[in-house]
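Residue numbers start from 1 in every chain, and the chains themselves are labelled A, B, ... in the order their sequence lines are given, proteins ahead of strands.
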Amino acid sequence: MPLMLHNTMSRKKEAFTPLDPARVRVYVCGPTVYDDPHIGNARPVVVFDVLFRLLRQVYGPEHVTYVRNITDVDDKINARASERGVDIRTLTEDTAKRFRDDMQALGALAPTHEPRATEHIGGMIALIQTLIERGHAYAAEDHVLFAVQSKPDYGCLSHRTRDELIAGARVEVAPYKRDPADFVLWKPSTPDLPGWDSPWGRGRPGWHLECSAMSEQFLGRDFDIHGGGLDLVFPHHENEIAQSTAAFPGTGFARVWLHNGYLVVDGEKMSKSLGNFLTVRGLRAEFPGEALRMALLGTHYRQPLDFTKAGVTRAKRQLDRLYQPLKEAASAKDTTDTPPLPFLAALEDDLNTPLAIHHLRETAQCLNKALTDKDARLIGKFKGELLAGGALMGLAQGDPQAWFHGKPFAQQDGQNPHRSPPKSQPDQPANRLPLTESTGAEGAHVEAQIAERKSARLRKDFAAADRIRKELLAQGVALEDKPDGTTDWKRAG
RNA sequence: GGCCCGGUGGCAGAGUGGCCAUGCAGAGGACUGCAAAUCCUCGUACGUCGGUUCGAUUCCGGCCCGGGCCUCCA
């Protein structure tokens, strides 16, 4: 089955055919690094990470180039930097680092390239010059503006005409604009603001320009997929198309446009004033990063997602159900590295992650049955399928025992100990997480209690045995007696 | 005003012109000293009004409700 993707440009699901299967090229708009990412920022990262993994699976890891930029010049950055009394580079370096750390905790692979806007100012200036030469841009009062009327197809992505945009009446009509719909390519900086010398004086680039410049640099003038949040369709992506195709006539820029739907929290738009603003960092203190990832993938990427903490708890239980049979099958060898076919079909149908998760759970159930039947052949097969499917979604790749033994998250700082490196990504050191010894002294205590309970059970002193189990449960440790007389434990809740 | 999305069982969430999503929660059973985990069985849906059709939750139209975008928010 071919990979089907919903293209915002055509508003249809289309069979995906790369321009060059040996070099599949994806660009996704990355963060503006002025503050820690919130859970809404995480959605596109996780969604397009699944796409990245899927493309690597289909075309081979070395044949996929994934670029996600970092916007490190912006008015909000300027404001935040001056608030803190640091220069923007200090602020953006620090914020970008925290962003990468958060995204890694969510199991997202590092993109192939992560260019920063400020390192591509030259390319942006060159692009502006080309646009001016071709009559698509003009300088006015130290600004350079893109002349929307010079591009008859402006609005092709958002399916709006220039007139419809103007009718919205929220357009800033600056006196230096020839047309109200024109947008800024370059704007002047005051001496206290970051700026670069240019033919139009010292200034800084408009936001849309960086993606046009950097995608060209890393992916060329024609590439396969451009992704981002739904809110970027207009004006950001519309303007990127206008800039790039105006500068390079005869080229098509991105072929397929993917946009993820909005995320709301408890049914309401996330905002600081409502008190429902959830940062990834804050959530990581309460939940495993992998549970957050599962929660984000539990809704199809184009659907609106209502993010709730109850939902994350549900997602964590879903992961328990995947890890449980993997724990039981820990000593078995997986005999395949092919994901279940229906699972793959679901992902290939416009990244239907909820359906894919369902198939993964089906495989987990098959593994459970095989374990019950002690069918070594099926155990190996389903374990392999489950791990392979999980690898494609960045789920269930950790050590099962560590997943169940991990420290309660309220007591944890730093990294998620539950994830070990994804099996299929041995070449990505950024994704190697230490498998911390979370069982340590406390584990020894639990083991001692288990031993004590075992002797109580052997002498049929069930009251004592139950008391020990109850005490442990109060400490957040749930016991699980195995048929062979041994007892397992795991974190309750 | 313009454009675009949704409304599925208690909750979450896929999908389909006629037969099952699935999970959580709930009910019952197997297993267990009792649990847990696991397995088996079960109940409860497709906003509303019309139309097309042998048949619509699924296609079309009206309406109601919710959400988003319309110059820099993923």
Side-chain angles (χ1 to χ4, degrees), chain A residues 8 11 28-32 37-48 71 74-76 148 155 158-161 163-174 177 180-184 187 206-209 227-236 238-239 259-264 267-271 295 298-300 302-306 308 310-311 313-315 317-318 320-321 324-325 327-328 346 349 352-359 361-362 364-365 367-369 371-373 404 457 460-463 465-466 469-470 473 478-483 487-490 492:
Chain A
T8 307
R11 291 178 176 171
V28 172
C29 290
T32 300
H38 56 68
I39 190 64
N41 300 121
R43 169 126 99 145
V45 173
V46 169
V47 162
F48 294 116
T71 299
D74 163 272
D75 287 349
K76 283 193 291 287
V148 165
S158 53
H159 304 98
R160 269 184 269 247
T161 65
D163 292 344
E164 284 170 346
L165 296 171
I166 304 300
R170 272 164 57 181
V171 179
E172 177 202 355
V173 186
K177 285 187 179 181
D182 291 352
F183 58 90
V184 172
K187 56 185 164 188
W207 173 41
H208 317 298
L209 195 59
L230 192 61
D231 53 323
L232 295 183
V233 172
F234 189 88
H236 186 54
E238 196 70 75
N239 291 353
H259 293 96
N260 62 274
Y262 259 92
L263 178 148
V264 295
E268 294 189 280
K269 186 161 178 169
M270 184 162 46
S271 74
T299 297
H300 183 86
R302 283 193 289 115
Q303 291 291 110
L305 167 59
D306 188 4
T308 63
T313 303
R314 244 194 319 266
R317 273 198 222 108
Q318 286 191 300
D320 287 346
R321 300 262 293 183
Q324 180 74 27
K327 187 185 74 167
E328 301 300 329
D349 184 13
N352 193 338
T353 51
L355 190 58
I357 289 167
H358 158 232
H359 289 303
R361 302 203 44 167
E362 255 176 4
Q365 190 170 31
L367 180 54
N368 274 324
K369 285 176 191 166
L371 285 159
T372 305
D373 298 344
F404 289 114
R457 291 178 73 209
K460 304 274 187 216
D461 185 355
F462 295 119
D466 289 351
R469 184 168 62 194
K470 211 173 157 187
L473 190 60
L479 297 187
E480 194 174 313
D481 294 333
K482 315 300 287 187
T487 298
D488 248 356
W489 66 275
K490 62 184 182 186

For the pair made of CZ in A:Phe462 and P in B:rG33, what is the distance, rounded to whole Å?
7 Å
Using the C1' atom on both, measure B:rU52 against B:rG29 and round to a whole Å.
47 Å
Between the protein and nucleotides 39-41 of chain B, are there any N/O to N/O pairs under 3.5 Å, and if so, what are the atom names and distances?
{"residue": "B:rC39", "atom": "OP1", "partner": "A:Asn368", "partner atom": "ND2", "Å": "3.4"}
{"residue": "B:rC40", "atom": "OP1", "partner": "A:Lys369", "partner atom": "NZ", "Å": "2.8"}
{"residue": "B:rC40", "atom": "OP2", "partner": "A:Gln365", "partner atom": "NE2", "Å": "3.0"}

If you measure from OG1 on A:Thr71 to NZ on A:Lys76, what distance do you get to the nearest 0.5 Å?
9.5 Å
Residues that A:Lys460 engages under side-chain contact (heavy atoms from CB on, under 4.5 Å), provided they are two or more places apart
A:Phe462
At under 4.0 Å between heavy atoms, what does A:Gln324 touch on the DNA or RNA strands: base, sugar-phosphate, or nothing?
sugar-phosphate
Please work out if A:Leu263 contacts a base, only the sugar-phosphate, or nothing of the nucleic acid, heavy-atom cut-off 4.0 Å.
base
Do side-chain atoms of A:Asp349 reach the backbone of A:Asn352 as a donor and acceptor pair under 3.5 angstrom?
no
List every contact pair, protein side and nucleotides 67-69 of chain B side both N or O, where the distance is under 3.5 Å.
{"residue": "B:rC69", "atom": "OP1", "partner": "A:Lys269", "partner atom": "NZ", "Å": "3.3"}
{"residue": "B:rC69", "atom": "O2'", "partner": "A:Arg160", "partner atom": "NH2", "Å": "3.3"}
{"residue": "B:rC69", "atom": "O2", "partner": "A:Arg160", "partner atom": "NH1", "Å": "3.2"}

Rounding to the closest angstrom, what is the interatomic distance between B:rA74 and B:rC40 at atom P?
45 Å
Is A:Gly298 touching bases, backbone alone, or none of the nucleic acid, heavy atoms closer than 4.0 Å?
sugar-phosphate
Side-chain N or O of A:Asn239 versus OP1/OP2 of B:rU71: is the shortest distance under 4.0 Å?
no
Taking the side chain as every heavy atom from C-beta outward, state whether A:Thr487 and A:Glu480 have any atom pair closer than 4.5 Å.
no
Is A:Asp466 salt-bridged to A:Arg469, going by a charged N under 4.0 Å from an acidic O?
yes
No-hydrogen, no-angle side-chain donor-acceptor test under 3.5 Å, A:His359 and A:Glu362:
yes
Dot-bracket for RNA chain B, 5' to 3', counting Watson-Crick or G-U wobble pairs under 3.5 Å, with [ ] for crossing pairs and | for inter-strand pairs?
(((((((..(((.....[...))).(((((.......)))))....(((((..]....))))))))))))....
Can you measure A:Met270 atom CE to B:rC73 atom C1' for me and round it to whole angstrom units?
10 Å
Test A:His159 against A:Arg11 for side chain to side chain contact (heavy atoms under 4.5 Å, CB included), laying out the working first.
CA-CA 10 Å; A:His159 304 98; A:Arg11 291 178 176 171; 3.0 Å; yes
What is the distance, to the nearest angstrom, from the NE2 atom on A:His259 to the C1' atom on B:rC73?
14 Å
Donor-acceptor pair (no angle test) under 3.5 Å: A:Arg469 side chain, B:rA35 base
yes
Can you name the atoms? Protein N/O to nucleotides 43-48 of chain B N/O, anything below 3.5 Å, with the distance.
none

Base B:rG33 paired with A:Asp466 side chain (donor-acceptor, <3.5 Å)
yes
For the pair made of CZ in A:Arg302 and C1' in B:rG7, what is the distance, rounded to whole Å?
17 Å
Given atom CG of A:Leu305 and atom P of B:rG13, what is their separation to the nearest angstrom?
7 Å
Give me the distance, rounded to whole Å, that separates B:rC20 from B:rU57 when you measure between the C1' atoms they each carry.
15 Å
Short side-chain N/O contact from A:Lys470 to OP1 or OP2 of B:rA35, under 4.0 Å:
no
Which distance, rounded to the nearest 0.5 Å, do you find between the CZ of A:Phe234 and the CG of A:Asn239?
6.0 Å
Distances under 3.5 Å only, N/O to N/O: pair up the protein atoms with those of nucleotides 27-32 of chain B.
none

Assess whether a salt bridge exists between A:Arg457 and A:Asp481, defined as any Lys/Arg side-chain N lying under 4.0 Å from an Asp/Glu carboxylate O.
yes
C1' spacing across the pair B:rC72 / B:rC65, given as an integer number of angstrom
32 Å
How would you label the contact of A:Lys482 with the nucleic acid (heavy atoms, under 4.0 Å): base, sugar-phosphate, or nothing?
nothing
Given the C1' atoms of B:rG9 and B:rA27, what is the spacing between them in whole Å?
16 Å
By the 4.0 Å heavy-atom rule, please label A:Asp488 as base, sugar-phosphate, or nothing.
nothing
A:Ala181 side-chain proximity, nearest of B:rA21, B:rG33, B:rU71
B:rU71
Is the shortest heavy-atom distance from the side chain of A:Met270 to the side chain of A:Ile39 under 4.5 Å?
yes
Candidates B:rA74, B:rG23, B:rA21 - which lies nearest the side chain of A:Arg361
B:rG23
Parallel, tilted or perpendicular: which describes the rings of A:Trp207 and A:His236, with under 30° parallel and over 60° perpendicular?
parallel
Using a 4.0 Å heavy-atom cut-off, does A:His300 contact any base of the nucleic acid, only the sugar-phosphate backbone, or nothing at all?
sugar-phosphate
Between the main-chain N or O of A:Val148 and the side-chain N or O of A:Asp182, is there a donor-acceptor pair closer than 3.5 Å?
yes
Do A:Arg43 and A:His38 have side-chain heavy atoms sitting under 4.5 Å apart?
no
Touch check for A:Leu232, heavy atoms < 4.0 angstrom, all strands: base, sugar-phosphate only, or nothing?
sugar-phosphate
Looking at every strand, decide which applies to A:Glu362 at a 4.0 Å heavy-atom threshold: base, sugar-phosphate, or nothing.
nothing
Which sits closer to the 5' end of RNA chain B, A:Lys187 or A:Thr299, going by the nucleotide each is nearest to?
A:Thr299
For atom CG of A:Asp349 and atom P of B:rG15, their distance in whole Å
7 Å
Whole-Å C1' distance, B:rU8 and B:rA14
10 Å
Can you check whether A:Lys470 reaches A:Leu473 side chain to side chain, under 4.5 Å on heavy atoms?
no
Just so I know, are the side chains of A:Tyr262 and A:Leu305 near enough to count as touching, which here means a heavy-atom distance under 4.5 Å?
no
For A:Arg11, which contact category applies under a 4.0 Å heavy-atom criterion: base, sugar-phosphate, or nothing?
sugar-phosphate
Quick one, A:Pro44 and A:Asn260 - any side-chain contact, counting heavy atoms below 4.5 Å?
yes
Do A:Lys369 and A:Gln365 make a side-chain contact, defined as non-hydrogen atoms from C-beta onward lying under 4.5 Å apart?
yes
Answer whether the closest heavy-atom distance between the side chains of A:Pro325 and A:Leu371 falls below 4.5 Å.
yes
How long is the line joining CG of A:Asn41 and C1' of B:rA74, in whole Å?
5 Å
Taking the same atom, P, in B:rG47 and in B:rG26, what whole-Å distance lies between them?
27 Å
So, are A:Lys327 and A:Asp320 salt-bridged, with charged N and O less than 4.0 Å apart?
no
To the nearest angstrom, how far is A:Asp461 atom CG from B:rC34 atom P?
16 Å
Between B:rC72, B:rA74, B:rU71, which one does the side chain of A:His38 approach most closely?
B:rA74
Whole-angstrom distance between B:rG13 and B:rG7, as gauged at atom C1'
14 Å
